[in-house]
S.K.: 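The structure follows.
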Amino acid sequence: MINEYNFKKVEAKWQKYWYDNNIFAAKEDPNKEKFYALIEFPYPSGSGLHVGHIRAFSSMEVIARKKRLEGYSVLFPIGYDAFGLPTENYALQTKQHPRVVTDNNIKMFEKQLKSVGYSFDWDRVVDTTDPSYYKWTQWIFIQLFKKGLAYKSKTLVNFCPDCKVVLANEESQGGICDRCGSEVVQKEKEVWFLKIRNYAESLLSGLPTVNFPDRIKTEQENWIGKSNGADVTFKIVSSKKTSPIVVYTTRPDTIYGVTFLVISPEHPILDEFGAEIENLDELKEYQAKAKLKKELERTQLNKDKTGLLLKGLYAVNPITGTTIPVFTADYVMMDYGTGAIMAVPAHDKRDWDFAKAYDLPIIEVIKSSLNVQEEPYVEKDEEGILVNSPLINGLTVPQAISKIIKEMARLHVGYPKTDYKMKDWAFNRQRYWGEPIPIINCPSCGQVPVQENELPLVLPDLKDISPTDDASSPLKKCVDWVNTTCPICGGPATRETDTMPQWAGSSWYFLRYMSPHDSEHLVNPNSYSYWGQVDWYNGGMEHVTRHLIYSRFWNQFLFDIGVVTHKEPYIRRSAQGLILGADGEKMSKSRGNVVNPDDVIKEYGADVLRLFILFIGDYEKPAAWSPDGIKGCQRFANRFWAAQKLITKDNIDTSDLNLDLLIKNVSDDYEAGKFNTAIAYLMTALNTIYSRGAATLHEINTIALLLNPVAPHITSEVFYNLNKSQITDAKYPVFDPAKIIADEIEIPVQIMGKLRARVLVPTGSNEETVMEAVKQTGCLEGKSVRKVIFVKDRIINIIAN
RNA sequence: GCCGUUGUGGCGGAAUAGGCAGACGCAAGGGACUUAAAAUCCCUCGAUGGCAACAUCGUGCCGGUUCAAGUCCGGCCAACGGCACCA
């Protein structure tokens, strides 16, 4: 009756059953508790599904299947984040329309995802490039614009000469293009920004309310980079005039240690003084050099400080009245703080380096054991005591900060200020394959949003989508589309031709899944009130400071305008580790260490792939693919299949396998995201049954149900064989807490902290009983007991000699 | 430089809350079955010594706390990830 396991036949059979019958359709069932499990939707690239995807998706797959068996109404959706450069570049190369490329890739992904047997609700697929979807992406942009949170600004942007796109700071870290690896140059351009900085505080204060791993919270906190300090106004004086200049400092207490002022080479005040700077030619030269310097060079650490003394100018310290020299130097950035600093070389490494290079005085104002002429003392020590600072001498650093800020305020020269490292979100691309920004430029009315009832503003069908060399969008070539009329005055106007960055569509897709077919609402209010927040969201660490922050920002904005009722979109977040090649290196075509899930499924089947990817190691840590390791999971699957033969109706002793404890261990581990140990418990249980040589139907059914979320095909088949009913209609096993404790327990016996014996005693035995058992082992022979440390049901340690 | 994570057998990795280090799996060695191989099943498997019972050592390094340390504390070293002239 039971033959060798034919995974090809069985997997195809169950996939057909699930997908033809919509077994996993999410229903808003008021009688059930809901559970929303979310995975980061994939970018449908031409290379198809990667084993990394399998790891990323399988955790929530297990949770979704488990929750369904437990009686929850589960929303476990899938979609495609399909706008973006790789598709566009591929379309250009192959002379196809990106729409065609995208549709083909999505088809391939769907086929692959189904071959893994994922329990997605295939009726809820969203595609960010579908006008019915990006209609709402554009709608959100318009709301942001109306609230003053979207603005156009002329700034230096990171331009990649290869991709011909303006990049967000996040995409050009270290001056290298995220996508192609070439060096980024600075270019001045009018671009759209979203004021994410307005939400910096809210994004920070939301973190304690969500269940994210600490490393993710820390990374987000560092990214937002809050600092408390003060804006302090110095005066810059030339022979002809005096101008105020504001510096930002986190150490206003060190004001008496200021020995010079440094201004960023891009600072507008330099133009203001212009000819009054005696060495203007040198300045111009220095500015030009600084501009040419690529981001990479400029941020390189341990680089010698360069700068230029501005002759003919001096600055006045607002507290001490002392006059100090003014420099410009490229170690001061225009885009942080105010673009100018008060330099305190005694207590700042960079200022100290600069002071040494330009032979400037160093004045100690915080007492320390260091000689500040030799090296700076940079600790912000709460206990540090101020010296050489008449108004605040003898105070601790926090006391001094508080007192000096009051004094600055009284003199109207300084005020407390909070600053953030996070910059506003550069919200634009000069490429074709993205959401058109729904703004019309009218010569008389200015920037006017497209009427909301005219959304979606559909991307025009363009023949030539190639980018232009001048950093403007290919949409500019589509004159018929660009020329339009102003919605306000009806006069001739032109459309914005920039498109949105790829992060736009992924910033709210979790909401669309709740009611993907609703044409009236971004999210249907009834659906939203049922599904609410995402209960558990899994994704990659690489998205922690971008997608995860952007989507929290948009959700908080939608909360503020009343579209959603939860401030935070995600209750819990986890992050899978990377799957590396068998050589321990990141998988890449050039290394030739890429594992294709299709090949694995062909050879071992989807269940074995799923088992192995979850068994491979700690889910949150990176793991190297092992072509040998997978065999263990294949054996386990086959042994589980063959265990059907061991089922007997005879009365057998099953005391060697505590099913209640197994249920608890496996289920707790699933919920904790410890899939590797959950599978290990199931392997152990099966080993127990094999060494016993017989099993009960109840045992095999229980293992089938516990294993079903990981290996759904084989367990569905076994369960159907044994019970003639669907496992998807069965109930997840529940354990009896009273039965997870064994009757007898083995207690290790230590003598002087060293393991000397083990004794078997009834669970809960007291010290006397255990000691009695210890004496019988004879390991105390000839020894006198001085002290006994006894931990019930755990250990006994005897101090004896 | 700052922040974070991680160092455990030949390998991937286990080890609530300080309580038997090495679960589970791979590889390896031996055996059974087989004409043979594969598959399957059984046994061994941290190091050193010993025929053996057993003993000693052993979780990156040095020190400490404790009856007891992979786990806690102090000081290092290495690898990975994030940020980075952020005032």
Side-chain angles (χ1 to χ4, degrees), chain A residues 4 173-174 213-223 225-227 229 247-251 254 262 264 298-303 305 329-333 335-344 347-351 353-354 378 419-423 541-542 544-545 577-578 584 611-612 615-618 620-636 638-639 642 665 668 672 674 676-687 690-691 693 746-758 786-791 793-800:
Chain A
E4 202 162 301
Q173 288 169 30
D214 285 342
R215 58 178 177 152
I216 291 181
K217 289 190 184 187
T218 310
E219 232 175 77
Q220 292 208 347
E221 272 165 22
N222 291 346
W223 184 261
K226 180 175 180 172
S227 75
V247 303
Y248 175 69
T249 177
T250 56
R251 297 298 302 275
T254 61
V262 190
S264 167
R298 190 161 164 174
T299 56
Q300 200 89 57
L301 197 71
N302 296 333
K303 183 177 66 69
K305 299 273 180 295
D330 61 8
Y331 81 90
V332 173
M333 305 290 141
D335 55 9
Y336 183 77
T338 60
I341 61 156
M342 55 179 230
V344 185
H347 305 294
D348 182 283
K349 179 75 168 71
R350 296 147 304 174
D351 297 346
D353 289 342
F354 194 82
V378 297
D419 209 344
Y420 304 91
K421 286 182 200 171
M422 182 172 66
K423 288 160 192 154
M541 278 308 283
E542 69 275 23
V544 163
T545 53
L578 222 56
L611 267 166
F612 182 58
F615 184 68
I616 198 166
D618 185 330
E620 305 245 320
K621 292 193 194 118
W625 182 263
S626 156
D628 282 329
I630 194 166
K631 288 179 189 153
C633 290
Q634 186 187 32
R635 280 180 201 138
F636 172 60
N638 289 334
R639 273 159 74 87
N665 286 339
D668 285 357
K674 293 164 70 175
N676 55 336
T677 49
I679 294 166
Y681 280 122
L682 289 166
M683 287 173 166
T684 309
L686 203 62
N687 289 347
Y690 265 82
S691 52
E746 196 180 63
I747 301 223
V749 180
Q750 292 184 347
I751 295 171
M752 302 295 286
K754 292 205 163 160
L755 183 72
R756 284 293 181 264
R758 295 185 177 89
R786 292 215 318 267
K787 192 179 169 191
V788 175
I789 293 107
F790 174 70
V791 184
D793 293 342
R794 271 243 125 100
I795 203 162
I796 185 160
N797 190 4
I798 297 157
I799 312 304

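Chain identifiers are assigned alphabetically (A, B, ...) following the order of the sequence lines, protein sequences preceding nucleic acid strands; residue numbering begins at 1 within each chain.
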S.K.: What N/O pairs connect the protein and nucleotides 2-10 of chain B at under 3.5 Å? Give each pair on its own line.
M.R.:
from   : atom 1 : to        : atom 2 : distance (Å)
rC3(B) : O2'    : Asn222(A) : ND2    : 3.2

S.K.: Between rA87(B) atom P and Asp335(A) atom CG, what is the distance in whole Å?
M.R.: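 Those two atoms, CG and P, are 13 Å apart.
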S.K.: What nucleic acid atoms does Gln750(A) come within less than 4.0 Å of, heavy atoms only: base, sugar-phosphate, or nothing?
M.R.: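 Here Gln750(A) touches the bases of the nucleic acid.
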S.K.: Are the side chain of Tyr690(A) and the backbone N or O of Arg639(A) linked by a donor-acceptor pair below 3.5 Å?
M.R.: yes
S.K.: Would you list the protein and nucleotides 36-44 of chain B atom pairs, both N or O, that sit under 3.5 Å from each other?
M.R.:
from    : atom 1 : to        : atom 2 : distance (Å)
rC41(B) : OP1    : Arg639(A) : NH1    : 2.6

S.K.: Could you state the atom-to-atom distance from CG of Asp628(A) to C1' of rC11(B) in whole Å?
M.R.: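 So the two atoms are 10 Å apart, to the nearest Å.
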S.K.: If you only use heavy atoms from C-beta on, which nucleotide in rA87(B), rC57(B), rC20(B) is closest to the side chain of Glu746(A)?
M.R.: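 In terms of side-chain proximity for Glu746(A), the closest of rA87(B), rC57(B), rC20(B) is rC20(B).
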S.K.: On RNA chain B, does the nearest nucleotide to Met683(A) precede the nearest nucleotide to Ala340(A) from the 5' side, or the other way round? Give the residue.
M.R.: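 Result of the comparison: Met683(A).
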S.K.: In the structure shown, which nucleotide is the Watson-Crick or G-U wobble counterpart of rA55(B), with both distances under 3.5 Å?
M.R.: rU48(B)
S.K.: If you look at every strand shown and take non-hydrogen atoms under 4.0 Å, does Thr684(A) touch a base, only sugar-phosphate, or nothing?
M.R.: sugar-phosphate
S.K.: May I ask you to decide whether Asp628(A) forms a salt bridge with Lys631(A), counting only side-chain N to carboxylate O separations under 4.0 Å?
M.R.: yes
S.K.: Answer with yes or no whether Asn797(A) presents, from its side chain, a donor or acceptor under 3.5 Å of a partner atom in the base of rC67(B).
M.R.: yes
S.K.: Rounded to the nearest angstrom, tell me the gap between atom OH in Tyr331(A) and atom C1' in rC85(B).
M.R.: 8 Å
S.K.: Which part of the nucleic acid does Asn676(A) contact within heavy-atom distance under 4.0 Å: base, sugar-phosphate only, or nothing?
M.R.: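 The answer is sugar-phosphate, as Asn676(A) gets under 4.0 Å only of primed atoms, P, OP1 or OP2.
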S.K.: On RNA chain B, compare the nucleotides closest to Ile630(A) and Ala623(A); which residue's is nearer the 5' end?
M.R.: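 It is Ala623(A), whose closest nucleotide lies nearer the 5' terminus.
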S.K.: Would you mind classifying the nucleic acid contact of Thr338(A) as base, sugar-phosphate or nothing, using non-hydrogen atoms under 4.0 angstrom?
M.R.: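 No contact at all - Thr338(A) keeps every heavy atom at 4.0 Å or more from the nucleic acid.
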S.K.: Send over the distance from Tyr248(A) OH to rA87(B) P, rounded to a whole Å.
M.R.: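 From Tyr248(A) OH to rA87(B) P: 7 Å.
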S.K.: Would the distance check show the side chain of Asn797(A) and the main-chain N or O of Gly753(A) forming a donor-acceptor pair, the cut-off being under 3.5 Å?
M.R.: yes
S.K.: Using O4'-C1'-N9-C4 for purines and O4'-C1'-N1-C2 for pyrimidines, with syn meaning within 90° of 0, is rG9(B) syn or anti?
M.R.: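 Here the answer is syn: the torsion falls within 90° of 0.
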S.K.: When all nucleic acid strands are considered with a 4.0 Å heavy-atom cut-off, which category describes Lys674(A): base, sugar-phosphate, or nothing?
M.R.: sugar-phosphate
S.K.: Side chain of Lys421(A), base of rC83(B): donor and acceptor closer than 3.5 Å?
M.R.: no
S.K.: Could you work out which one of rC85(B), rA23(B), rC20(B) sits closest to the side chain of Asp330(A)?
M.R.: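 Ranking rC85(B), rA23(B), rC20(B) by closest atom to the Asp330(A) side chain puts rC85(B) first.
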S.K.: So Ile789(A), base contact, sugar-phosphate only, or nothing? Heavy-atom distance under 4.0 Å.
M.R.: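 Base contact - Ile789(A) has a heavy atom under 4.0 Å of at least one base atom.
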